[in-house]
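Fair warning: this is a prediction, and the values are worked out from it, not measured in the lab.
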Amino acid sequence: MTPAEIADALRLFNAWRRGEEVPHPNQLGLTIDAAVEHLDEIERMRAQNAVLTDAITAASALMTSAPAWHAMHREAIAELQRVKKEMES
């Protein structure tokens, strides 16, 4: 299920709790399974982003400590810092 499909199904279940049409019982289990899979994937991606952010920080620090006499060196430092900022937002 896509995140949009999960959200739609959860809205349907919430409407059912409020007295609207009863969804198919099997749908609840499938939706919960799909939601858990997506949440697990989000957590894996957050952990992966943390590792990448640390690597970017270390590379940027290493490059910053060296003489930046080459324009390409300065551009690489700026790009690493930009990517890190984007990943943290």
Side-chain angles (χ1 to χ4, degrees):
M1 294 177 86
T2 67
E5 291 169 333
I6 293 169
D8 288 343
L10 290 173
R11 285 185 194 95
L12 178 67
F13 299 137
N14 212 24
W16 164 65
R17 285 180 47 253
R18 294 183 181 128
E20 293 186 26
E21 182 181 338
V22 177
H24 190 281
N26 194 31
Q27 187 65 28
L28 180 58
L30 293 173
T31 301
I32 291 170
D33 290 342
V36 169
E37 285 178 29
H38 280 279
L39 291 171
D40 287 344
E41 180 63 18
I42 288 168
E43 286 307 309
R44 280 191 295 277
M45 291 173 76
R46 282 185 181 163
Q48 190 175 46
N49 282 349
V51 170
L52 292 171
T53 299
D54 289 346
I56 289 169
T57 299
S60 180
L62 182 63
M63 291 177 77
T64 302
S65 68
W69 12 266
H70 196 281
M72 188 172 72
H73 190 180
R74 289 189 299 274
E75 291 168 10
I77 292 169
E79 182 65 10
L80 284 170
Q81 291 169 344
R82 184 196 66 75
V83 169
K84 179 184 175 191
K85 184 176 181 180
E86 187 176 304
M87 289 176 68
E88 292 175 336
S89 62

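- For Glu75, the side chain to side chain contact (heavy atoms under 4.5 Å, CB included) criterion is met by Ala71, not counting sequence neighbours.
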From CA spacing to verdict: side-chain contact (heavy atoms from CB on, under 4.5 Å), Leu28, Ile32: CA-CA 6 Å; Leu28 180 58; Ile32 291 170; 3.9 Å; yes

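- We find the CD-CG distance between Glu21 and Leu12 to be 7.0 Å, quoted to the nearest 0.5 Å.
- Judged as a side chain to side chain contact (heavy atoms under 4.5 Å, CB included), and not counting sequence neighbours, the contacts of Arg11 are Ala7, Asp8.
- Interatomic distance, CZ of Arg44 versus CG of Leu39, reported as 10.5 Å (0.5 Å rounding).
- Scanning all heavy atoms of the two residues, the minimum distance from Val83 to Ile56 falls at CG1-CD1, 3.5 Å.
- Residue pairs meeting the side chain to side chain donor-acceptor pair (under 3.5 Å) criterion with at least one member in residues 27-37, sequence neighbours excluded, are Gln27-Thr31.
- Within 6.0 Å of atom CD in Glu86, 12 or fewer heavy atoms from other residues, nucleotides or ligands are found, so the atom counts as exposed in its surroundings.
- By the rule that hydrophobic residues join a cluster once side-chain heavy atoms approach within less than 4.5 Å of another member, Leu30 and Val36 end up as members of separate clusters.
- In this structure, Trp16 shares a hydrophobic cluster with Val22, the cluster being traced through Ile, Leu, Val, Met, Phe, Trp and Tyr side chains under 4.5 angstrom apart.
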Worked check of side-chain contact (heavy atoms from CB on, under 4.5 Å) between Glu41 and His38: CA-CA 5 Å; Glu41 180 63 18; His38 280 279; 5.6 Å; no

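- Electrostatic pairing of Lys85 and Glu88 does not count as a salt bridge here, judged by no charged N lying under 4.0 Å from a carboxylate O.
- When the side chain to side chain contact (heavy atoms under 4.5 Å, CB included) test is applied to Arg46, the partners found at least two apart in sequence or on another chain are Ile42, Glu43.
- Residues satisfying the side chain to side chain contact (heavy atoms under 4.5 Å, CB included) test with Thr57, not counting sequence neighbours, are Thr53, Lys84.
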